[in-house]
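The structure appears below as structure tokens.
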Amino acid sequence: QVQLVESGGGLVQAGGSLRLSCAASGRTVSSLAMGWFRQAPGKERELVAGITSNGNTYYTDSVKDRFTISRDNAKNTVYLQMNTLKPADTAVYYCAADYTGPYSNYAPSTYSEMDYWGKGTLVTVSS
């Protein structure tokens, strides 16, 4: 089993920055495909950014050049650095993982492809 715990959400003004953290236990992050998803009120949960177990990253178009996903194997933690935040980024952000084994290029991007989920952290961007 994999446990994921998010932190770092909060209230920020438009144009500001936040960094979300996702601490994993049960498996090493280097053996997991991991992603950050978000869900705004009345909307479906969507992929924001992902990182494969071999370190490739991918993003939804709306956050490219603003958000960066990264991984610290020593801390077994994945991060989402969010810059130039917009009110449209307001949502509950969830960390998710799928066990792929190490050195995999598998890049899951949908809710159903992820096996493990954190409880979420709220990000609110005020205008």
Between Ser70 and Gln81, is a side-chain contact (heavy atoms from CB on, under 4.5 Å) present by the stated rule, with each step listed? CA-CA 8 Å; Ser70 62; Gln81 178 66 43; over 6 Å; no
Before giving the answer on side-chain contact (heavy atoms from CB on, under 4.5 Å), spell out for Leu32 and Ser53 the whole-Å C-alpha distance, their side-chain angles and the decisive distance to 0.1 Å. CA-CA 5 Å; Leu32 300 167; Ser53 67; 5.8 Å; no
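Here the OG1-CZ distance, from Thr52 to Arg71, works out to 7.0 Å after rounding to the nearest 0.5 Å. Between atom CE of residue Met114 and atom OG of residue Ser109 there is a gap of 8.0 Å, rounded to the nearest 0.5 Å. In this structure, CG on Leu122 lies 8.0 Å from OG1 on Thr90, to the nearest 0.5 angstrom. Residue Asn56 holds its CG atom at 11.5 Å from CD1 of Ile69, rounded to the nearest 0.5 Å. Here the straight-line distance linking atom CZ of Arg27 with atom OG1 of Thr100 works out to 10.0 Å at 0.5 Å rounding. Rounded to the nearest 0.5 angstrom, Ser21 OG and Asp72 CG are separated by 10.0 Å.
With hydrogens and angles ignored, the 3.5 Å screen pairs no side-chain donor or acceptor of Thr77 with any backbone N or O of Ala23.
In terms of heavy atoms, Ala33 sits closest to Pro108 at CB-CD, 3.5 Å. Of all heavy-atom pairs spanning Leu18 and Leu85, the tightest one is N-CD1, 3.9 Å. Nearest heavy-atom pair across Ala107 and Tyr58 is C-OH, 3.3 Å. When all heavy atoms of Glu6 and Gly120 are compared, the closest pair comes out as OE1-N, 2.9 Å.
The shortest side-chain heavy-atom distance between Leu47 and Thr60 does not fall under the 4.5 Å cut-off. Side chains of Asn54 and Asn105 form a contact here, defined as non-hydrogen atoms less than 4.5 Å apart. Residues Pro87 and Ser127 form a side-chain contact, since some pair of their non-hydrogen atoms from C-beta on lies under 4.5 Å apart. Using a 4.5 Å heavy-atom threshold, the side chains of Arg19 and Leu80 count as separate. Residues Val123 and Leu20 meet the side-chain proximity criterion, which asks for heavy atoms closer than 4.5 Å. Looking at heavy atoms from C-beta onward, Thr28 lies out of side-chain contact with Asn73 at the 4.5 angstrom threshold.
When only modelled atom types and interatomic distance are considered, Ser17 and Asn83 share a side-chain donor-acceptor pair under 3.5 Å. Counting only N and O atoms by type, the side chains of Ser25 and Gln3 include a donor and acceptor under 3.5 Å apart. There is a side-chain donor-acceptor pair under 3.5 Å between Arg38 and Tyr93.
Around the OH atom of Tyr103, the shell of radius 6.0 Å holds no more than 12 heavy atoms that belong to other residues, nucleotides or ligands.
Under a hydrophobic-cluster definition in which Ile, Leu, Val, Met, Phe, Trp and Tyr are linked whenever side-chain heavy atoms come within less than 4.5 Å, directly or via other members, Tyr99 and Trp117 are assigned to different clusters. Tracing side-chain contacts under 4.5 Å through hydrophobic residues (I, L, V, M, F, W, Y), one reaches Leu4 starting from Val29; they form part of the same cluster. Hydrophobic cluster membership is shared by Val2 and Ile51, with clusters built from Ile, Leu, Val, Met, Phe, Trp and Tyr side chains linked at under 4.5 angstrom. Note on Met34: it clusters hydrophobically with Tyr116, by side-chain heavy-atom contacts below 4.5 Å among ILVMFWY residues. In the hydrophobic clustering of ILVMFWY residues, with side-chain heavy atoms under 4.5 Å counting as a link, Val78 and Tyr59 come out together.
In this structure, Trp36 has its ring center at least 6.0 angstrom away from the ring center of Phe67.
Both tests hold for Arg45 against Tyr94: distance to the six-membered ring centre under 6.0 Å, angle to the ring axis within 45°.
Between Lys64 and Asp61, at least one side-chain N (NZ, or NE/NH1/NH2) sits under 4.0 Å from a carboxylate O, which counts as a salt bridge.
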